[in-house]
Amino acid sequence: MDASRDTIPSNVPGKVLDWYDAHARTLPWRAAPGTPAPDPYRVWLSEVMLQQTTVTAVKDYFAKFTSRWPGVCDLAAASDEDVMAAWAGLGYYARARNLLACAREVAARGGIFPDTEEGLRALPGLGAYTAAAVAAIAFGRRAVVVDANVERVVTRLFALDAPLPGSRPAIRALTDTITPDRRAGDFAQALMDMGATVCTARAPRCLLCPIAADCRARAMGAPERFPVKAPKKAKPTRKGHAFWIERDDKVWLVRRAGKGMLGGMRALPDDGWSAREDGHGEAPIPGHWESAGRVGHVFTHFSLELGLSVHLGACPDDPPGEGEWWPLDRLDDAGLPTLFAKAARLALAEPA
DNA sequence: GAGCCGTGGAT
DNA sequence: TATCCAAGGCT
């Protein structure tokens, strides 16, 4: 048997791992190639934060969380309010709710994460991707890790032209064929680094790619054509109002319902706008209202034009419903999601 | 399967 | 400026 036959012409996993050993990015939650795996808590926390979120955006939040809650039991003991406020601005707030639920489940197990993909997959907030990533990166398991970077690298490598999202099972099967038995965690991180820095969505840097010679999309001369995606729907525009009620250097804040848009987050009272309908425009209390202008914000599946109305001074009774008077000099600690942080800046006449 | 769920950076 | 896009999960 000619042993070299297996390494010629491809040996894709070997080339990818060699590239990783030389070019891996240094990241706060990552062990250097060849060094012991980092704390599963840190791997899990980073993976949840990184869901649909860029490395740049995550770094400060990761530092803040690990400094304030060094271990999973510390996080599990935190209040919902503190965790949601700490997550404010990072987006996809269901992740924060699931993060805390997961931490409490793990704490109830003695602070030990399950060390198998299947066990991890059963925890809140861990889907197919995150369970595979944590199993591979933190526990050295062989797992097939597929995120958007891997989808791009693999569809190009094999010139798979079936459109996403229907092609996901095929992409997973192809990724399985190139995933090594050893160092599956490094391999996954290597493909993600390659996707982020070399095999980019637009203008890929094929000259820097360790598997360019194996890439069928490059051979076709059109790597940027992959992955093929189904056309997306147009975003509707919604209109609504938010209300700034100020008294004695405090502002009236409410907490949004636990599920749905910005669920569980502090907010300004609004007029009932939602992802599906415009607001009715009526203020929560009678009185003199003045317009502070409007802010725009683009969410995943709609755009919002939010008019902001301000009510100052006399307000003998609390507005109806649950809420709290929040000191203006501590507004930064309220944990307002970005839309309402913009509105607050407008109300306080601070330039955005 | 398809809709819902944030945000900011890159082009 | 408009569009695309990102280390997805849940229902």
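Proteins get letters first, then strands, A, B, ... in listed order; numbering begins at 1 in each.
Residues A/His301 and A/Phe299 keep their aromatic ring centres 6.0 Å or farther apart. Ring to ring, A/Phe243 and A/Trp252 are not that close: their centroids are 6.0 angstrom or more apart.
Proximity of A/Leu346 to A/Lys342: side-chain heavy atoms (C-beta onward) are nowhere separated by under 4.5 Å.
If you check C/dC10, B/dG6, C/dA7 against the side chain of A/Arg95, the one that comes closest is B/dG6. When distances are taken from the side chain of A/Arg30 to each of C/dC4, B/dG6, C/dA7, the shortest belongs to C/dA7.
Toward the 5' end of DNA chain B, the nearer of the two residues A/Thr53 and A/Gly166, judged by each one's closest nucleotide, is A/Gly166. Of the two residues contacting DNA chain B, namely A/Tyr93 and A/Arg276, the nearest-nucleotide position lying further toward the 5' end is that of A/Arg276. If you find the closest nucleotide of DNA chain C to A/Arg25 and to A/Arg121, the one lying nearer the 5' end belongs to A/Arg25. Taking for each of A/Ala128 and A/Thr54 the nucleotide of DNA chain C with the nearest heavy atom, the 5'-most of the two is the partner of A/Thr54.
Applying the 4.0 Å criterion to OP1 and OP2 of B/dG6, one finds that A/His297 has every side-chain N and O outside that range. Neither OP1 nor OP2 of C/dC4 sits under 4.0 Å from any side-chain N or O of A/Lys235. For the pair A/Lys233 and B/dG3, the criterion of a side-chain N or O lying under 4.0 Å from OP1 or OP2 is met. Distances shorter than 4.0 Å separate none of the side-chain N or O atoms of A/His301 from OP1 or OP2 on B/dG3. Between A/Lys259 and C/dC10 there is no side-chain N or O to OP1 or OP2 distance below 4.0 Å. Considering only side-chain N and O atoms, A/Thr338 lies nowhere under 4.0 angstrom from the phosphate OP1 or OP2 of B/dG6. Between A/Thr130 and C/dG9 there is a side-chain N or O to OP1 or OP2 distance below 4.0 Å. A close approach under 4.0 Å does occur between a side-chain nitrogen or oxygen of A/Gln52 and OP1 or OP2 of C/dG8.
Judged by distance alone, with hydrogens and angles left aside, A/Thr300 brings a side-chain donor or acceptor within reach of the base of B/dG6, the pair sitting under 3.5 Å.
Here A/Ala188 lies out of heavy-atom contact (under 4.0 Å) with every strand. In this structure, A/Met192 reaches the bases: a heavy-atom distance under 4.0 Å links it to at least one base atom across the strands shown. The residue A/Ala148 sits close only to the backbone: its heavy atoms come under 4.0 Å of sugar-phosphate atoms, none of a base. Among the heavy atoms of the strands lying under 4.0 Å from A/Gly260 are primed sugar atoms or P, OP1, OP2 only; no base atom is included.
Rounded to an integer number of Å, the gap from A/Phe302 CZ to B/dT7 P is 10 Å. Counting to the nearest Å, the P atom of C/dG9 and the CD atom of A/Gln51 are 5 Å from each other. Distance A/Trp87 CH2 to B/dT7 C1': 12 Å, rounded to the nearest Å. Rounded to an integer number of Å, the gap from NZ of A/Lys342 to P of B/dG6 is 14 Å. Put simply, OH on A/Tyr92 is 13 Å from P on B/dG8, counting in whole angstrom units. Atom CG of A/Leu304 is separated from atom C1' of B/dT7 by 14 Å (rounded to the nearest Å). Separating the CZ atom of A/Arg172 from the P atom of C/dG8 is a distance of 16 Å, rounded to the nearest angstrom. A/Arg152 places its CZ atom 13 Å from the C1' atom of B/dA10, with the value rounded to the nearest Å.
Separating the C1' atom of C/dG9 from that of B/dG1 is a span of 15 Å, rounded to the nearest Å. B/dC5 and C/dA7 have their P atoms separated by 23 Å, with the value rounded to a whole Å.
In this structure, A/Trp44 and A/Phe113 have tilted ring planes: the angle between them lies in the 30° to 60° band.
The only member of A/His288, A/Glu290, A/Glu246, A/Arg247 that meets side-chain contact (heavy atoms from CB on, under 4.5 Å) when paired with A/Leu312 is A/Glu246.
Across all their heavy atoms, A/Ala201 and A/Glu224 have their closest contact at O-CB, 4.1 Å. Taking every heavy atom of both residues into account, A/Arg238 and A/Ala275 meet most closely at NE-O, 3.2 Å.
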